J.: 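Got a structure for you, questions after.
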Amino acid sequence: DCYLCSIVHSGFAFPDWAYKPESSPGSRQIQLWHFILELLQKEEYQGVIAWQGDYGEFVIKDPDEVARLWGLRKCKPHMNYDKLSRALRYYYNKRILHKTKGKRFTYKFNFSKVVLINYPILDMANSPFFLAQNHFNGGSAAPDCSPEVRLQIQYM
DNA sequence: TACGGAACTC
DNA sequence: GAGTTCCGTA
């Protein structure tokens, strides 16, 4: 881990506010991208789904298993990767996710969008802080941080 | 494998 | 609104 990552890991936990399910009051049901982040957060699923490559990029290493777990959560015993991936594709227009072309089973989160969904008042796109953070991301201060660590740093 | 329309459900 | 199911297309 890089220096900043180790500080963040030792001092703070990743804030739930970045993706808490309660913040979508309209639909009580768990959202797929919440579920994906949930799996990504737990080390026991690293053989199934894991952060890999660019910031926000993750690979579904075992599509059948991810689909099975998702089906379990939603009580949809006939869930499969074909159906799950259709749901992921609906996130493209919403700008929550996009596909990493050429890389099999690889998608990428748009984290500024993910935070905006839960905390629209932050309106990062129009804040000077967002611009400063962009500059920060361009630098080499935190080259090896996972997206959640990067998010954490943005709000330190 | 990956995409996106269409009908359907909750 | 957020998927689920099914399917034609590349």
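All values reported here derive from a predicted model rather than from experimental measurement. Letters A, B, ... mirror the listed sequences (proteins, then strands); counts begin at 1.
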J.: In the structure I gave you, are the side-chain heavy atoms of A/N110 and A/H98 within less than 4.5 Å of one another anywhere?
T.: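 Heavy-atom side-chain distance check fails, nothing below 4.5 Å.
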J.: Calculate the interatomic distance between A/I36 atom CD1 and C/dG3 atom C1'; express it in whole Å.
T.: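 Checked: the CD1 to C1' distance equals 13 Å.
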J.: Tell me, for nucleotides 5-10 of chain C in 5' to 3' order, what letter each nucleotide earns: B for a base near a protein heavy atom under 4.0 Å, S for only sugar-phosphate near one, - for neither?
T.: BSB---
J.: Which heavy-atom pair separates A/L32 from A/L84 by the least distance, and what is that distance?
T.: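 Smallest interatomic distance, heavy atoms only, reads CD2-O, 4.0 Å.
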J.: Between OH of A/Y81 and CG of A/D64, what distance do you get to the nearest 0.5 Å?
T.: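 Spacing of OH (A/Y81) from CG (A/D64) equals 10.5 Å.
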J.: When you measure from the side chain of A/T106 to the backbone of A/R104, do you find a donor-acceptor pair of N or O atoms at a distance under 3.5 Å?
T.: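 Side chain of A/T106 to backbone of A/R104, a donor-acceptor pair under 3.5 Å: yes, one is there.
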J.: Classify the ring geometry between A/F58 and A/W51 as parallel (under 30°), tilted (30 to 60°) or perpendicular (over 60°).
T.: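 The rings of A/F58 and A/W51 stand perpendicular, inter-plane angle above 60°.
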J.: So what does A/F35 touch, heavy atoms closer than 4.0 Å: a base, only the sugar-phosphate, or nothing?
T.: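 Nothing: the residue A/F35, judged by heavy atoms under 4.0 Å, touches no strand.
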J.: What is the distance from OH of A/Y91 to P of C/dG1, rounded to the nearest Å?
T.: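 Whole-Å distance recorded here is 14 Å.
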J.: Just how far is it from atom CD1 of A/I49 to atom CG of A/L39, taken to the nearest 0.5 Å?
T.: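 One gets 5.5 Å once the value is rounded to the nearest 0.5 Å.
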J.: Specify the residues of residues 62-75 of chain A, ordered by number, for which at least one heavy atom lies under 4.0 angstrom from an atom of DNA chain C.
T.: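 A/W70, A/K74 - these, ordered by number, are the residues of the stretch whose heavy atoms sit under 4.0 Å from the strand.
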J.: For A/T106 and A/N93, find the nucleotide of DNA chain B closest to each by heavy atoms; which residue's nucleotide sits nearer the 5' end?
T.: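 Its nearest nucleotide lies further toward 5', so the answer is A/T106.
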J.: In whole angstroms, how far is the C1' atom of C/dG1 from the CD atom of A/Q31?
T.: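 Interatomic distance, CD of A/Q31 to C1' of C/dG1: 9 Å.
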J.: Counting side-chain heavy atoms from CB outward, which of C/dA2, B/dG4, C/dG3 is closest to A/K94?
T.: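 Within the option list, the nearest is C/dA2.
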J.: With a cut-off of less than 4.0 Å, is there a side-chain N or O of A/K99 near OP1 or OP2 of B/dC3?
T.: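 No, because none of the side-chain N or O atoms of A/K99 sits under 4.0 Å from OP1 or OP2 of B/dC3.
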J.: Taking all atoms of both residues into account, what is the closest heavy-atom pair of A/W33 and A/I96, and its distance?
T.: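 Heavy atoms of A/W33 and A/I96 come nearest at NE1-CD1, 3.9 Å.
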J.: Between A/F105 (CZ) and B/dT1 (P), how many Å, whole number?
T.: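 After rounding, the reported distance stands at 4 Å.
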J.: Taking the basic N atoms (NZ, or NE/NH1/NH2) and the acidic carboxylate oxygens, is any pair closer than 4.0 Å for A/E57 and A/K99?
T.: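 So A/E57 does not pair with A/K99 through a salt bridge.
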J.: Does NZ or CZ of A/R86 fall inside the cone over A/Y90's six-membered ring, less than 6.0 Å from its centre and within 45° of the axis?
T.: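 Ring-cation test returns yes.
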